[in-house]
Peer 1: 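Below is one structure. I have some questions about it.
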Amino acid sequence: MNSLFMFVLAMAGSSQQGGQGGNPIGALLPIILIFGIMYLLIFRPQAKKQKEHKKMLESVEKGDNIVTIGGIYGTVVGLKKDNTVMIVKIADNVKVEMTRSSIARKIVAEEEKN
């Protein structure tokens with residue numbers, strides 16, 4: 001993609017007359033538009049998703065049903081070390097300790113019915 005972009009810029013520059021100088025803002029306009037589109041399509045939605053995930057992690061408490069990043073379903077049964085380590089029950093008599101950041105999502109009541 002980078003070589004294609006450089007090719008387009010080279011072609012735009014070669015179309016100008018030899019002795020005339022071009023408008024520097026006109027040459028920078030495509031670059032500015034590309035960065036603007038990248039911000040709107042990539043960076044802004046990703047930042048919003050990270051903010052929502054962080055808010056969800058902070059709201060997890062004892063008794064919540066969760067899914068870990070590895071795909072393990074469990075129930076939070078306890079918290080340790082300033083609420084950064086959680087004790088999660090994944091089966092009868094099986095409890096594991098995991099960090100809060102290893103939670104992918106919290107299961108809400110509507111999802112449990114399905």
Side-chain angles (χ1 to χ4, degrees):
M1 167 134 176
N2 193 15
S3 61
L4 177 65
F5 181 71
M6 296 304 279
F7 176 75
V8 170
L9 285 179
M11 293 305 290
S14 66
S15 67
Q16 296 178 354
Q17 296 294 331
Q20 296 178 348
N23 187 357
I25 295 176
L28 293 176
L29 187 60
I31 297 171
I32 293 170
L33 287 174
I34 288 171
F35 280 115
I37 291 170
M38 283 179 57
Y39 173 76
L40 290 174
L41 295 178
I42 298 172
F43 299 128
R44 188 170 170 223
Q46 184 64 28
K48 184 178 179 184
K49 185 184 279 189
Q50 285 176 342
K51 188 176 182 181
E52 289 173 357
H53 188 257
K54 183 179 178 183
K55 185 178 177 183
M56 183 273 306
L57 288 178
E58 292 172 353
S59 71
V60 172
E61 50 191 33
K62 188 175 178 179
D64 288 341
N65 292 325
I66 60 164
V67 178
T68 66
I69 293 173
I72 299 172
Y73 286 76
T75 304
V76 178
V77 293
L79 303 168
K80 293 172 68 173
K81 296 183 184 175
D82 298 330
N83 295 331
T84 58
V85 177
M86 306 182 113
I87 302 170
V88 179
K89 180 179 177 184
I90 57 175
D92 290 335
N93 299 322
V94 180
K95 296 178 185 173
V96 294
E97 292 182 7
M98 61 182 57
T99 61
R100 189 178 284 266
S101 62
S102 65
I103 297 172
R105 64 185 172 98
K106 190 163 87 170
I107 300 174
V108 293
E110 295 90 33
E111 291 180 25
E112 290 177 350
K113 291 178 183 176
N114 295 331

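Predicted, not measured: the structure shown is a model, and the values here were computed from it.
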Peer 1: So do Lys95 and Ile90 actually touch side chain to side chain, heavy atoms under 4.5 Å?
Peer 2: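 Of all side-chain heavy-atom pairs linking Lys95 with Ile90, none is under 4.5 Å.
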Peer 1: Starting from the C-alpha separation in whole Å, work towards a yes-or-no answer on side chain to side chain contact (heavy atoms under 4.5 Å, CB included) for Tyr73 and Ile107.
Peer 2: CA-CA 9 Å; Tyr73 286 76; Ile107 300 174; 3.3 Å; yes
Peer 1: Of all heavy-atom pairs between Pro45 and Leu40, which one has the smallest distance, and what is that distance?
Peer 2: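 Looking at all heavy atoms of both residues, the closest pair is CD-O, 3.5 Å.
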Peer 1: For a quick test of reading the model, state the closest non-hydrogen atom pair linking Arg100 to Leu57 and the distance between them.
Peer 2: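 Taking every non-hydrogen atom into account, NH1-O, 2.6 Å.
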Peer 1: Can you find a pair of side-chain heavy atoms, one from Thr99 and one from Thr84, that are under 4.5 Å apart?
Peer 2: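 They are not in contact (no side-chain heavy atoms under 4.5 Å apart), so the answer is no.
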Peer 1: Side chain to side chain contact (heavy atoms under 4.5 Å, CB included) with Tyr39: which residues, sequence neighbours excluded?
Peer 2: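 Tyr39 satisfies side chain to side chain contact (heavy atoms under 4.5 Å, CB included) with Phe43, Arg44 once adjacent residues are dropped.
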Peer 1: With sequence neighbours left out, write down each residue that passes side chain to side chain contact (heavy atoms under 4.5 Å, CB included) with Met56, or none if nothing qualifies.
Peer 2: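 Residues passing side chain to side chain contact (heavy atoms under 4.5 Å, CB included) with Met56: His53, Val60, Ile103, Lys106.
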Peer 1: Could you grab the distance from atom CD1 of Ile37 to atom CD1 of Ile32, nearest 0.5 Å is fine?
Peer 2: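 Rounded to the nearest 0.5 Å, the CD1-CD1 separation comes to 12.0 Å.
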Peer 1: Carefully, step by step, assess Lys89 and Val94 under the rule side chain to side chain contact (heavy atoms under 4.5 Å, CB included).
Peer 2: CA-CA 6 Å; Lys89 180 179 177 184; Val94 180; over 6 Å; no
Peer 1: Once you round to the nearest 0.5 Å, how far does CZ of Arg105 lie from CG of Asn65?
Peer 2: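 Between Arg105 CZ and Asn65 CG, I get 11.0 Å after rounding to 0.5 Å.
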Peer 1: To the closest 0.5 Å, what do you measure between CD1 (Ile72) and OG1 (Thr68)?
Peer 2: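 If I round to the nearest 0.5 Å, the distance is 4.5 Å.
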Peer 1: Please report the interatomic distance NZ(Lys48) to NZ(Lys51), rounded to the nearest 0.5 Å.
Peer 2: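 NZ of Lys51 is found 10.0 Å from NZ of Lys48.
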Peer 1: State whether the number of non-hydrogen atoms from other residues, nucleotides or ligands found under 6.0 Å of Ile25 atom CD1 is greater than 12.
Peer 2: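 No, CD1 of Ile25 has 12 or fewer neighbouring heavy atoms, counting only those of other groups under 6.0 Å.
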Peer 1: Just verifying a value: how many Å separate Ser101 OG and Lys54 NZ, rounded to the nearest 0.5 Å?
Peer 2: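 Rounded to the nearest 0.5 Å, the OG-NZ separation comes out at 12.5 Å.
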Peer 1: Return the set of residues passing salt bridge (Lys or Arg N to Asp or Glu O under 4.0 Å) with Lys80 (not counting sequence neighbours), or none when no residue passes.
Peer 2: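 In terms of salt bridge (Lys or Arg N to Asp or Glu O under 4.0 Å), with neighbours along the sequence ignored, Lys80 is linked to Glu97.
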Peer 1: Which of these passes side-chain contact (heavy atoms from CB on, under 4.5 Å) with Ile87: Val77, Val96, Thr75, Leu79?
Peer 2: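 The passing option is Val77.
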